[in-house]
2 protein chains.
Amino acid sequence: MGTTQAANGTVAATAPEPKYWHLRTVLVRALDSEFNTGEVLPNERDLSARFGVARATLRQALDQLELEGRLVRRRGIGTLVAAPRMGVPVSEAAEGWPGTGRDSWRIVDAQSLPAPAAVCAALGVPADEPVHTVRRLRMMHGQAIGAETLYVPDAVVPHVPAIFAKSSIADSSRARSVLRQLQRLELDGESRSVELGVAEEEQARLLDRPPGTPVLVLTTRYQAQGGIAAVAVSTYRADMCRLTFGASGIVDVTPAADPAEVRTAS
Amino acid sequence: MGTTQAANGTVAATAPEPKYWHLRTVLVRALDSEFNTGEVLPNERDLSARFGVARATLRQALDQLELEGRLVRRRGIGTLVAAPRMGVPVSEAAEGWPGTGRDSWRIVDAQSLPAPAAVCAALGVPADEPVHTVRRLRMMHGQAIGAETLYVPDAVVPHVPAIFAKSSIADSSRARSVLRQLQRLELDGESRSVELGVAEEEQARLLDRPPGTPVLVLTTRYQAQGGIAAVAVSTYRADMCRLTFGASGIVDVTPAADPAEVRTAS
DNA sequence: CAGTGGTCTAGACCACCAT
DNA sequence: TGGTGGTCTAGACCACTGA
């Protein structure tokens, strides 16, 4: 019962370990030793019966494992053992100006819109001034693993056709124009930050996940012309990604394996 | 009811938004407009009654907000509005060899132990060879926000007193000796990666949080002497931290404010 | 002690997928 | 159509905090 009763009958003063945490531990061991990537676990009702707990309690344990990227749950299908997370390079060498390196990005669209207040402050533009807002997806192994919104003030890319500037019509050719102009600028440096977030409706849709999905939010400030010329806010699926920074010559500590099995499937 | 009924009476084919997600949206708006950092929300039973949902459903919404770092829940106390996350520098300039910059670290202990298999592989040592294992806490505003385990092979720090080498006795003077030796080495570069994890018992205890707490796992590979000389695995509290990389001259996009209010308060 | 969040239960219904 | 995970409920008890 996850109880605190010691063998001799005295009450231990330690910590009454929650059932769901104990369950998680048991499942971790099982996953490590008895299951392979892509295998289907018994369904939740069977599992909860087998462990003698309520389904809600079992689900609490599965929630943890999913947060850790060890499980993938698919409605109507079952609970699968996830492949190890992929390493996603976000280092200088791999990117430079967004889209420089031969990364796999898929442009969604672009329009001219007022940016969030925090972004405007960083860019040094008035809070209500429209800026080029480019949205694109980071693809890996044929999967959308991240969604990025790039904010670029008009003044930074003056040669973008006038038809596009100030227009709020979503268009992907505008996106290409903005990115081309950006790449001509000399980049002084970048600074990045990472934090945990949850996907709101918009991002969730782009990543093909339900709202509330945990994501790693990567904010990049591109420095050029003596100031911050652009800001990118990228949300990466926390279940699938390990963001890698710095010297690109080095590879991972975590086991390589071949990703894109469970994750890619269907 | 978070229903999908359209105004004209037809059934919309869109998505039946879950109650807990709708609740979260409502609460986010309330937090943004009507609450200040440190304020106490009504208790869960009142809130769930007020919104006409079961307590479990309300808790699902609060779980999301806690994951986003907007709320702090304290058993026996209540649910408080959290301060904005702190920016935690993990850039080259701020660190170099661990402990170089005037960061606030608190040494816990050190011993000689076999490292995890993945770490051994990166260091290029046999899986069962003991390495110096230094544990320390990253402090900020008087709070432990991260716990780090640093792995250093004997060969990299040959001048560490022989009493320490190969000894598995936990000791903080050994830690200082290892760190001193490390800082004398010329550092060629570093590579880092960040992913989402949950705190196991050990880390959870160090961070004064319950097991299962979401953390950002930062893995750093220090390159020196033509190879990887040391590996550090740091776990930062995801609710409190935004990890910042790169050029240290630049500050945050996200609002500064004064952290260390709710978070610091006992 | 009373009040708070944390855990757990047993059951219900829904949305989705394969067949 | 039957099986899966996703949502939601109403209620119970526990662990911790502060007065």
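What you are looking at is a predicted structure, and each value in this text was computed from that prediction instead of being measured. Chain naming here is simple, since letters A, B, ... match the order of the sequence lines and numbering starts at 1 in each.
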Round to a whole Å and report the spacing from [atom1] of [X] to [atom2] of [N].
| X | N | atom1 | atom2 | answer |
| --- | --- | --- | --- | --- |
| A:Phe51 | C:dA10 | CZ | P | 17 Å |
| B:Ile77 | C:dG6 | CD1 | P | 12 Å |
| A:Leu71 | D:dT4 | CG | P | 16 Å |
| B:Leu80 | D:dT17 | CG | C1' | 13 Å |
| A:Glu44 | C:dG11 | CD | P | 17 Å |
| A:Leu65 | D:dG5 | CG | C1' | 15 Å |
| B:Asp63 | C:dG5 | CG | P | 13 Å |
| B:Leu47 | C:dG6 | CG | P | 13 Å |

OP1, OP2 of [N] versus side-chain N and O of [X]: anything below 4.0 Å?
| X | N | value |
| --- | --- | --- |
| B:Tyr20 | D:dT7 | yes |
| A:Thr57 | C:dT7 | no |
| B:Asn43 | C:dT4 | yes |
| A:Arg59 | D:dG6 | yes |
| B:Thr79 | C:dT4 | no |
| A:Arg73 | D:dG6 | yes |
| B:Lys19 | D:dG6 | no |
| B:Arg74 | D:dT17 | no |

Quick one: does any side-chain atom of [X] pair with a main-chain N or O of [Y] as donor and acceptor, under 3.5 Å?
| X | Y | answer |
| --- | --- | --- |
| A:Ser33 | A:Arg29 | yes |
| A:Arg85 | A:Glu68 | yes |
| A:Arg70 | A:Leu27 | no |
| B:Arg237 | B:Gly146 | no |

Quiz item: With nearest nucleotides of DNA chain C determined for A:Gln60 and A:Gly76 from heavy-atom distances, which residue corresponds to the more 5′ nucleotide?
Solution: A:Gln60
Measure the shortest side-chain to side-chain distance between [X] and [Y] over non-hydrogen atoms and say whether it is less than 4.5 angstrom.
| X | Y | result |
| --- | --- | --- |
| B:Arg135 | B:Leu206 | yes |
| B:Trp105 | B:Leu137 | no |
| A:Leu62 | A:Glu44 | yes |

Self-check item: Most 5' of B:Arg55 and B:Leu58 on DNA chain D, judged by nearest nucleotide
Solution: B:Leu58
Quiz item: Which nucleotide sits closest to the side chain of A:Val53: D:dT9, D:dG18, C:dT9?
Solution: C:dT9
Exercise. State whether B:Arg24 and A:Glu200 are salt-bridged, where the test is any N-O pair (Lys NZ or Arg NE/NH1/NH2 against Asp/Glu carboxylate O) under 4.0 Å.
Key: yes
Quiz item: Quick one, which residues of residues 197-206 of chain A touch DNA chain D with a heavy atom under 4.0 Å?
Solution: none
Quiz item: Considering only heavy atoms and no angle criterion, is a donor-acceptor pair shorter than 3.5 Å present between the side chain of B:Arg45 and the base of C:dG3?
Solution: no
Quiz item: Does any N or O donor sit under 3.5 Å from an N or O acceptor when you compare the side chain of B:Arg75 with the base of C:dG3?
Solution: no
